[in-house]
Structure formats: structure tokens, C-alpha cells
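I have placed the structure first, in the form of C-alpha cells, so that the comments after it can refer back to it.
Letters A, B, ... are given to chains in the order of the sequence lines, protein chains preceding strands, and every chain is numbered from 1.
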Amino acid sequence: MIDLKQLQKDFENISKKLKRKGVDEALLAELKAKFEELKVAKTNFETLQAAQNAMSKEFGIYKREGKDISELKARVDENKVKIAEALEIQRQKQEELEKIAMAIPNIPDDDVPDGEDEDDNVEIKRVLTPPTFDFTPKEHWELAEQNGWIDFERGVKLATSRFSVAFGMGAKLERALINFMLDFNAKRGFGEVSVPEIVNRRALEGTGQLPKFEDDLYKIEGAELYLIPTAEVPLTNLYQDEILKAEELPKKMTAHTSCFREEAGAAGRDTRGMIRQHQFHKVELVTIAKPEESDAIFDEMVACASDMLTALELPHRLVTLCTGDLGFSAAKTVDLEVWLPGQNTYREISSVSNTRDFQARRAKIRYKDGKKNTLVHTLNGSSLAVGRTMVAIMENFQKEDGTIEIPKVLHPYLGMS
RNA sequence: GGAUCUUUGGCUGAGUUGGUCGAAAGCACCGGUCUUGAAAACCGGCGAGGGUAACACCUCCCUGGGUUCGAAUCCCAGAGGGUCCA
């Protein structure tokens, strides 16, 4: 959630910045008005409540001294009606305000480039040179089937489209990758955490998936519970509603989880293969940081993911997302795109975001900064999406006969020497 | 699934014949005195959110309702935890 006090104080500026994200100025003006109306309603209610409290106190004294209370009671009863009315107005204002505020995206950083969509993202750098082949490289689904690693049909049989099953070396490679990734992240100071893959509504509101993106989530019928779309949700919300000590920060965490996405708006895209699945493994990084250190940590997290790809010998590039491609909660995002020879293109394999205090404000995560409490900054990033890493390995390490080499760093994890 | 107990501030833990309780006490923590320095001792401070120039004031004792002029304290429902039964 954006800072409403800031909006009130500095409307021009905030409005200008959010315009880059396509937020209508009229909507912001409405939000600002609602905020002011709420303040009035609150003051109103509190004044009445204060009177009520004072009279109640008096009441006690009267009774103890055996005085007549009928006149006082009449006044108190009258006030009670007013309080109920005032409270109702306040509630209504609160609700109206939240409805708007919760649906407004984060303010992009000034250095985020303007743009419509992914075509306007700005490349930062390329790492490693894409391999050359003296044959036509195959796409991963062909290789996956040929090697018996992935069975797409039987995944559909068990669940529905966009589910798959890994067998044999495919299954082992998946497990090896998860372990490798967690170990790699641990060496960079990210402590391993194992978290629930089902979370409640409050958690998803905290990180910004709700209320706006309910359609992207799998919901448990009959309960206010959802399957997580990313470990960012449980990891970040771990400290929801807490006031952390300054010396505890930064909290650098990593976790492996399955991720579940409805992919409601993705009909027709990436229907073949395992680029866009409803369920996939991912190793995630999350950091809870002090505001002044979040930029440095952002760079660390990008470097961690990039170096991991380098260790896996996978060519990739880094791009800064433009305003149009930036997610709802992010102030800034750098995507890592891995080279896929079969598709002859770079595809997203990791996304690292700084949400600044946007999620912290929603989730009420603060730290004690000397005397006062300050909202933390939260950052998240994949390191990495496991399925897509397998895709990248298959396509980059394929031989002419369709067999696949295994990157050296994974050998210890697969009992190869 | 049934019975019963329980849920208080960073922690431990008083407070359940409703009013003077935002809440005793201890620990932890912070500041000071003392000390070459530290410890001990002593003095002071010390929950959160909103609000204010600062006060005042409002809200919060698991959550949501209710009773009452007034609830941490009473009633109902729910959630978490313990114990017993199944």
C-alpha cells in the first residue's frame, strides 16, 4: 500500500510518479479525499467517545456517593445513539478507503524506464555466450520426451493441462537442482527456511496478491486458504505484524517450495512443454531489510541469481523491467532471462524485486530504529525457477543424438564424479 | 470427532464479586550515579497504532459479536495451545 500521508502532503509528485504506472490521477484524488473524510469521521467519533468515557467515570462516582443518576443516565443514553451513528460512518469511510488503496500499485523507482510492455524492458548486460551447434538444436519438450525425463500426457491424466510428471534422471535432476540452489544461496548468507505452501488471506494481502489478483490463485474450497503462487508470500509474511530489532536485520532467507498458479490470463501461451505450468518448484530468496540497505541487498540478490546461472554454465542476460511490465508490488525489478537455443531466444528464469515499504506497510513489518518504529523494506527474487532451469539445461547441454550432458556443478548432487 | 482447561505488554506473570487497569511484579532493554573500565548496587525510563507543535484525547489484554452508563474481567461464536477420551 502506498503511504497515504505522503499522498496527502505531496499529491502532485506522487500522482506524477504513479501516472507512469497508469494510475488515473482522478482515482488518486478520490483516495486523498477519502483519507481526509476518514480523518474527520474519526475525530468526530473520538470526541463523542471521550465524552462517553468521561460520563461513565462520573457515573461510578455518583453511584459510590449515592447521588441521583437519572439525569446523567439520560444524557449518556442520548450520546450512545450518536456514537453508534458516528462509528458506522467511520466504518464506511474506512471500507471505501481500503477498497481503493489496496488496489493501487507501488510507486516505481525513478530509474525504472518508461514503457508499455516487455518489449520496452532495458537490457543491462549479457553473461556467457550462447553455445553454437552444428545441428539444429531441439526444443526442450522433444528432448524431455526422448530422454524419458518428463511425461506431459500423464500429468494431464492425473490433474489437467499444464501439469507434468518427471521420471528417472528428470526427477533426480530436479532434486539435485533444488539442493544445489539452496546450498548456493546459503553460501551467500541466505538462511534456509521450510514454510507452509498453503496460506490465509491475510498473508496474500500482505504481499499484494490479494485483493486484486484472486483469479491467479488456487483457493481451497470452503476455507479462506490458498495455495501459494510463490514462497515470497510465506517468507515475507513470516514477520507480519512484528517489530524487529535493528540488529536482526537484514533477514536473508531462502526456501524451496512448490508454487501454484491458475494462469488464468495465459490461455494459448506456452501451451507446450514446462515453461508455464500450474505447479512448479522454485527456490526463492526473500530479504527483510532496513531502508538504507535495500539497494545494496537488491544488487546482492541479482548477483546471487546471476552467479548461480553462471555456475550452471547457462548463458543469460539481465533486464530492467519497464513501468508497463513491472509487477503490482514492485518499485523496481530486474529479470534474469536464460538463453534457450531450441527457441532461439532469452526466457525469464528469475525475477528480483525491491518492494521498498509497500508490502511492509500492508503486512505491518517494522523494526525499532533507535526510539521509533520504522517500516522495513522487503525484497524477493527467484534463485531459481527449477522447471525452467531444467529446460535451460536440456536445451543448452543437448548433443546431436539428443542426449544431455549434466553441468559440472551438479555432478556431486547426482553421484557423478 | 467428544470432554475439559487455557490465550494478558519483548519474555515470565498478577489481575475473573465489572469502574480508580493500558494493566502489579520480576527479567530483559535504555539512560544516569558510582568505577581506571566492567560487574554489582542505587535512581530514572521503558508496549503498539492513531492524533497533536507539544499535550489532551481515541483504539488495542487471541478474533468477532453481545450484555452494561462502564468489560482484560460477564455471555455467545470462532481460532490457537494443553490435558483426557475416542
Using atom [atom1] in both nucleotides, what's the gap between [N] and [M] to the nearest angstrom?
{"N": "G44(B)", "M": "C60(B)", "atom1": "C1'", "answer": "27 Å"}
{"N": "C29(B)", "M": "C11(B)", "atom1": "C1'", "answer": "12 Å"}
{"N": "U63(B)", "M": "U8(B)", "atom1": "P", "answer": "11 Å"}
{"N": "G2(B)", "M": "A72(B)", "atom1": "P", "answer": "31 Å"}
{"N": "G65(B)", "M": "A71(B)", "atom1": "C1'", "answer": "14 Å"}
{"N": "G9(B)", "M": "A24(B)", "atom1": "P", "answer": "13 Å"}
{"N": "G15(B)", "M": "G31(B)", "atom1": "C1'", "answer": "31 Å"}
{"N": "G22(B)", "M": "C5(B)", "atom1": "C1'", "answer": "27 Å"}

Next item on the list: Using a heavy-atom cut-off of under 4.0 Å over every strand shown, decide if Q52(A) touches base, sugar-phosphate, or nothing.
Entry: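 If one applies the 4.0 Å heavy-atom cut-off, Q52(A) turns out to touch the sugar-phosphate alone, with no base involved.
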Check: Which part of the nucleic acid, if any, lies within reach of L72(A) when heavy atoms closer than 4.0 Å are counted: base, sugar-phosphate only, or nothing?
Finding: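 Result for L72(A) = nothing.
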Check: Do the ring centers of Y218(A) and Y226(A) come within less than 6.0 Å of each other?
Finding: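 No - the distance between ring centres of Y218(A) and Y226(A) does not fall below the 6.0 Å cut-off.
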Kindly say whether [Y] contributes a backbone atom to a donor-acceptor pair with the side chain of [X] at under 3.5 angstrom?
{"X": "R366(A)", "Y": "N373(A)", "result": "no"}
{"X": "N185(A)", "Y": "M181(A)", "result": "yes"}
{"X": "R162(A)", "Y": "R276(A)", "result": "yes"}
{"X": "D151(A)", "Y": "E153(A)", "result": "yes"}
{"X": "E197(A)", "Y": "S258(A)", "result": "yes"}

Check: Is any side-chain heavy atom of S383(A) closer than 4.5 Å to a side-chain heavy atom of C304(A)?
Finding: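 Contact flag for S383(A)/C304(A) side chains = yes.
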Notebook entry, point to check: Do R361(A) and D3(A) have side chains that get closer than 4.5 Å, going by heavy atoms?
Noted result: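 The answer is yes, as the side chains (C-beta and beyond) meet within the 4.5 Å cut-off.
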Any donor-acceptor N or O pair under 3.5 Å, side chains [X], [Y]:
{"X": "N354(A)", "Y": "K332(A)", "value": "no"}
{"X": "Q209(A)", "Y": "E214(A)", "value": "no"}
{"X": "E262(A)", "Y": "H278(A)", "value": "no"}

Check: Tell me, which of residues 75-88 of chain A have any heavy atom that sits under 4.0 Å from an atom in RNA chain B?
Finding: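 Going residue by residue through residues 75-88 of chain A, the ones with a heavy atom under 4.0 Å of RNA chain B turn out to be V76(A), D77(A), K80(A).
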Next item on the list: Please work out which residues in residues 31-48 of chain A have a non-hydrogen atom less than 4.0 Å from an atom of RNA chain B and list them by number.
Entry: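 Under 4.0 Å from RNA chain B: K39(A), K42(A), E46(A).
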Check: For RNA chain B, whose closest nucleotide is more 5', that of N373(A) or that of K63(A)?
Finding: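 Taking each residue's closest nucleotide, the earlier one in sequence belongs to K63(A).
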Note to self: Which is more 5' along RNA chain B, the nucleotide nearest K57(A) or the one nearest I243(A)? Just name the residue.
What the structure shows: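 Per heavy-atom nearest nucleotide, the more 5' residue is K57(A).
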Notebook entry, point to check: On the ring face of F11(A), is K32(A) found with NZ or CZ under 6.0 Å from the centre and within 45° of the axis?
Noted result: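 Cation-pi check for K32(A) and F11(A): passes.
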Item checked: Heavy-atom contact window of chain A on RNA chain B, given 5' to 3' at under 4.0 Å ->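 Result: G19(B) to G70(B).
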Quick one: look up who [N] pairs with, Watson-Crick or G-U, both distances under 3.5 Å, and put none if it's unpaired.
{"N": "A48(B)", "value": "U59(B)"}
{"N": "U20(B)", "value": "none"}
{"N": "U83(B)", "value": "A3(B)"}
{"N": "A40(B)", "value": "none"}

